[in-house]
Amino acid sequence: MKFSEYFKLDRTQAFLDFVDVPLHTDIPVFLEPVAIKCLESVWGNELSSLLQTFFETILRLIKEGHHENAQILLSKLNESNEFHLGYSRGKSRGHGFGPESAKNIWGALTKSSAAVTGLLKDLEDTALLLPGIGTDMISDALCNILRGPLIKYTQDMCVYYGIPLTPQVASGLTWNPQTEQWEDFYADLPMTDYGKVILVPKILVRLKLSFDANEYYRHYILPEMQHEHLQAKSQLVETLRNGNTRVTKKVLMAEYGKDKLAIVDQTRVRPQILEDYRLAKSRGVPKPLTLEQFAEIENETLPNLTEMLATLSKIDVGIKTATEYENIIERIFSMLFYPSLCSPTKQSKIHDGRKRIDIRYSNEAKDGFFYWLSLHYSCPFIYVECKNYGREIGNPELDQLAGRFSPSRGRVGILVCRSIENKELLYKRCVDAAKDGRGFILVLDDQDLAELVLEYTRSKRRQEFELLKAQWRRLVN
């Protein structure tokens, strides 16, 4: 049973911001540290800071000789069954360090010249330089270190999707970077027959970690060693029949080894190669899993956006069907704008005698229209408001949405409505709002949504959105 099924959400993974985990076991995806560090939001900075302070604390304690304290901190990285990420075939059990593993990792760190010489800087470096550290262990360690902000994310998602929270659950230890200690923490969490669950954003998981020891050794260190041996005309150089010379990677590995100890030894004399590898990974962060990949992992059928538009067209205009309209728009946007827009939150207000639902998305785009927007305009958040109106949109509606804007929150919003009788007049009102410094508002009706979905489908889910670009040009030119 999946989390969504247990709480009867009537949603598949495509309509959810978090990973829809199976409750009886784990799902084979992992938190990715490089993906976390590439988040540019305030929340992303908080996650990165927690990871950095924890690992820096461990290394400092070891260098200062406080080995028992380091072991104790490492041993707390073992309780992560509530995340349900990893390779477990049966009951979810986590793959954290634990007391025995913590001792082994501490031993590896104290003996490794990588820790002493400063080669080890980040948690993901251990995947390259420490024996016994794999994808599962690093992902579980991340879950534990980031437990605090992930609990807050879980609470936000439960509010957004209407999932009940059980008060004051023993949530596990959380890392306090100020005290540099693990602290007991009680929080409101979703409880199931399988135990508590802490949710993870689906934009942060990958099928494997970016840092790969085999890739690093074979494609970064060994080519440099080949070049050095050829330049030095060492005894490992062989001459071919045609007179060309070479040094094979096989010969180098036979001479110097191919395990992580060999990787550390060769990195120590060529530290720049590790810096180059880190830089390459920061520039080429693997993209979030696609909706198709999630559907395959979850054994689900991907929803059809065209069919959803057909359902939308059958919804009557007016106040009585406003909630139904808002719900289907939210589902369409959840698919259409993934992975650019994420972490939605709702804010309800009473206006004109009815509840008005605003949705705020975090803009974490790394390509496409919303990424371009983030480079040139203030838009850490994108605001969406739905109007199931049977009348023309005017300045009052634009002012309502613009009232959400601020320099820190962003000044970009999307107003969604059923139809626009006079688009030129509405566009002019949006242009006037932009020129007056009230923010930038894009307006979409049913016809525009159909065009966006068509482009999205034909482009194989690219996030370019030419229609939005065209509207934006009208706003700023």
Side-chain angles (χ1 to χ4, degrees), residues 1-27 29 31 43 47 79-85 91-92 94 143-144 146-172 174 185-205 288-289 291 294-295 297-300 303 308 323-335 337-339 341-349 355-362 364 381 384 386:
M1 178 177 284
K2 297 173 188 173
F3 181 85
S4 62
E5 294 170 336
Y6 186 90
F7 287 103
K8 299 179 173 60
L9 298 185
D10 190 29
R11 289 171 177 259
T12 61
Q13 179 67 83
F15 299 134
L16 296 168
D17 190 74
F18 56 84
V19 181
D20 191 15
V21 296
L23 298 177
H24 63 289
T25 186
D26 292 340
I27 184 172
V29 297
L31 268 182
W43 193 68
L47 300 185
E79 301 175 357
S80 56
N81 296 353
E82 54 269 26
F83 295 97
H84 296 276
L85 306 182
K91 182 179 178 181
S92 181
C143 287
N144 280 286
L146 303 179
R147 183 185 297 270
L150 289 177
I151 286 173
K152 178 60 169 62
Y153 171 80
T154 300
Q155 294 169 337
D156 289 343
M157 291 300 101
C158 287
V159 170
Y160 186 81
Y161 295 110
I163 300 166
L165 291 166
T166 298
Q168 295 302 293
V169 176
S171 64
T174 59
F185 190 66
Y186 289 80
D188 299 349
L189 285 173
M191 287 293 295
T192 74
D193 295 338
Y194 301 85
K196 61 181 175 283
V197 177
I198 298 177
L199 302 173
V200 174
K202 64 185 182 185
I203 66 162
L204 295 186
V205 299
L289 299 185
L291 295 178
F294 272 116
I297 293 169
E298 301 269 15
N299 194 27
E300 296 177 344
M308 295 176 67
T323 299
E324 185 181 358
Y325 171 70
E326 290 160 355
N327 286 341
I328 196 165
I329 291 297
E330 185 266 341
R331 292 190 180 214
I332 290 173
F333 278 14
S334 294
M335 285 189 64
F337 296 141
Y338 171 82
L341 305 185
C342 60
S343 300
T345 59
K346 286 180 183 176
Q347 294 193 17
S348 302
K349 296 182 180 179
K355 182 185 287 187
R356 175 168 61 88
I357 304 295
D358 297 333
I359 303 173
R360 187 189 76 177
Y361 292 93
S362 292
E364 292 289 359
F381 300 104
V384 176
C386 302

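When reading the values below, keep in mind they use all heavy atoms of this one structure, side chains included, and skip hydrogens, waters and symmetry mates.
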Roughly how far, to the nearest 0.5 Å, is [atom2] of [Y] from [atom1] of [X]?
X: I27; Y: H84; atom1: CD1; atom2: NE2; result: 11.0 Å
X: K196; Y: I151; atom1: NZ; atom2: CD1; result: 9.0 Å
X: K152; Y: M157; atom1: NZ; atom2: CE; result: 9.0 Å
X: L150; Y: T174; atom1: CG; atom2: OG1; result: 11.5 Å
X: Y325; Y: T323; atom1: OH; atom2: OG1; result: 12.5 Å
X: C158; Y: L199; atom1: SG; atom2: CG; result: 6.0 Å

Tell me, please, which residues at least two apart from Y6 pass side-chain hydrogen bond (donor to acceptor under 3.5 Å, both in side chains).
D193
Is there side-chain contact between [X] and [Y], with at least one heavy-atom pair below 4.5 Å?
X: Y338; Y: P288; result: yes
X: P339; Y: L291; result: no
X: S362; Y: F381; result: yes
X: D17; Y: Y153; result: yes
X: T154; Y: V197; result: no
X: L341; Y: V384; result: no
X: I359; Y: I329; result: no

Any donor and acceptor pair, going by atom type alone, linking the side chain of [X] with main-chain N or O of [Y] inside 3.5 Å?
X: K202; Y: L16; answer: yes
X: T192; Y: Y194; answer: yes
X: K2; Y: Q13; answer: no
X: E364; Y: C342; answer: no
X: S4; Y: T12; answer: no

Tell me every residue that passes ring pair (Phe, Tyr, Trp, His ring centres under 6.0 Å) with F333, counting only those two or more places apart in sequence or in another chain.
F337
Go through L204 and L47 one step at a time and tell me if the side chain to side chain contact (heavy atoms under 4.5 Å, CB included) criterion holds.
CA-CA 11 Å; L204 295 186; L47 300 185; 4.1 Å; yes
Shortest non-hydrogen contact from M335 to P303?
CE-O, 3.6 Å
All heavy atoms of R331 vs all of L9, minimum pair found to be NH2-O, 4.1 Å
Please output the side-chain donor-acceptor pairs of residues 164-171 that fall under 3.5 Å, not counting sequence neighbours, one pair per line with the distance.
unit_1, atom_1, unit_2, atom_2, d
S171, OG, F185, O, 2.8

So, do Y161 and F18 have ring centers that fall under 6.0 Å from each other?
yes
Does the side chain to side chain contact (heavy atoms under 4.5 Å, CB included) test come out yes or no for F3 and I163, once each step is laid out?
CA-CA 10 Å; F3 181 85; I163 300 166; 3.5 Å; yes
For E326 and K346, what are the C-alpha separation, side-chain angles and deciding distance, and is it a salt bridge (charged side-chain N to carboxylate O under 4.0 Å, His left out)?
CA-CA 11 Å; E326 290 160 355; K346 286 180 183 176; over 6 Å; no
Please assess D156 against S343 for the test side chain to side chain contact (heavy atoms under 4.5 Å, CB included), listing each intermediate value before the final yes or no.
CA-CA 9 Å; D156 289 343; S343 300; over 6 Å; no
Could you walk me through whether F294 and D20 pass the side chain to side chain contact (heavy atoms under 4.5 Å, CB included) test, one step at a time?
CA-CA 9 Å; F294 272 116; D20 191 15; over 6 Å; no
